[in-house]
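Working notes for the structure below.
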Amino acid sequence: MNEQRRQILEMLADGKITADEAERLLGAVESEPDESPAAAPRAKARVKYLRVVVHAEDDGAGGGPSDINVRVPLQLLRAGVRLASLLPPVAITKANEELSRAGVPIDLAELKPQQLEDLVDALDELTVDVDDATSKIRVFCE
Amino acid sequence: MMPQIVTVRYRKRDGRWRRWFIPVVPVVVLLSPLLLIAVVGGMVVCFCYEISPTDAVRGVGRVLWALPGTRFEMEQGQTAVLVSIR
């Protein structure tokens with residue numbers, strides 16, 4: 001029982017308000033949106049897809065305008081991330097060498113599956129909006 | 001859930017749309033002899049690269065099971081393609 005309901009019932013028990021008033025107040029409390037912290041994860045859990053929407057006007061080459069609309073389940077990204085954790089050590093070593101040669105000194109062996117999953121979980125708050133004169137790109141979760 | 005139907009839709013040059021519904025399970029059953037060879041090949045690769053075959057199968061299974069809901073739509077001029085997995 002939340003605090004507001006308890007206060008209303010206490011007021012009713014003390015005789016400060018009538019039963020009708022208590023009923024109205026309880027109805028008003030129940031119709032209020034639940035802003036408790038427990039409601040946030042429920043709203044967060046509704047995000048299921050990563051969307052990429054691209055619209056580009058005709059570039060003059062005669063191809064016409066381009067539209068790309070991609071919807072990827074976040075579950076697929078998670079599965080892909082888990083699959084990436086199967087990379088053999090030899091491949092990771094080679095990839096590290098190539099990355100450092102390209103000026104990106106990242107050690108892929110230090111990337112843990114949990115970190116990658118956290119990264120995918122954080123994607124639901126991601127929104128990328130690129131608005132150019134001739135093209136629009138939107139990346140978001142829904 | 002395992003993918004049930006893959007829908008491929010594309011626009012022909014005359015502007016008409018062509019749509020294919022590909023039922024996944026019958027196609028998998030039809031191609032099962034080839035899949036068996038692919039699985040054996042995958043096992044050999046797993047042993048060569050010291051990857052656990054169980055983890056590999058589990059990982060591929062997760063990817064396949066997560067596919068429903070995927071949708072790719074592309075349109076440029078006369079060309080238009082839609083691939084949807086349900």
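Any value given below was found using the heavy atoms of this structure, including those in side chains, with hydrogens, waters and symmetry copies removed. Here is the naming used below: chain letters follow the sequence lines, and residue numbers restart at 1 for every chain.
Listed in order of number, the residues of residues 40-78 of chain B that approach chain A to under 4.5 Å between heavy atoms are B:Y49, B:I51, B:D55, B:A56, B:G59, B:V60, B:R62, B:V63, B:A66, B:L67, B:P68, B:G69, B:T70, B:R71, B:F72, B:E73, B:M74, B:E75, B:Q76, B:G77. For residues 86-97 of chain A, the interface with chain B (any heavy-atom pair closer than 4.5 Å) comprises A:L86, A:P88, sorted by residue number.
Cluster annotation: B:L82 is not connected to A:V52 through the hydrophobic network of ILVMFWY side chains, with a link wherever side-chain heavy atoms come within less than 4.5 Å. B:W17 and B:I5 fall into different hydrophobic clusters, where Ile, Leu, Val, Met, Phe, Trp and Tyr residues are linked whenever their side-chain heavy atoms come under 4.5 Å apart, directly or through other members. Taking hydrophobic clusters as Ile, Leu, Val, Met, Phe, Trp and Tyr residues chained together by side-chain heavy-atom distances below 4.5 Å, B:L31 does not share a cluster with B:I37. Residues B:V83 and B:M2 fall within the same hydrophobic cluster, defined by Ile, Leu, Val, Met, Phe, Trp and Tyr side chains chained together at heavy-atom separations under 4.5 Å. In this structure, B:V24 is not a member of the same hydrophobic cluster as B:F21, with clusters built from ILVMFWY side-chain heavy atoms closer than 4.5 Å.
Heavy atoms closer than 4.5 Å to chain B are found in the side chain of A:L83, but not in its backbone.
Other members of the cluster containing A:F140 are A:V53, with ILVMFWY side chains joined at under 4.5 Å, either directly or via other members.
Qualifying side-chain hydrogen bond (donor to acceptor under 3.5 Å, both in side chains) partners for B:D14, counting only residues two or more places apart in sequence or in other chains: B:R16.
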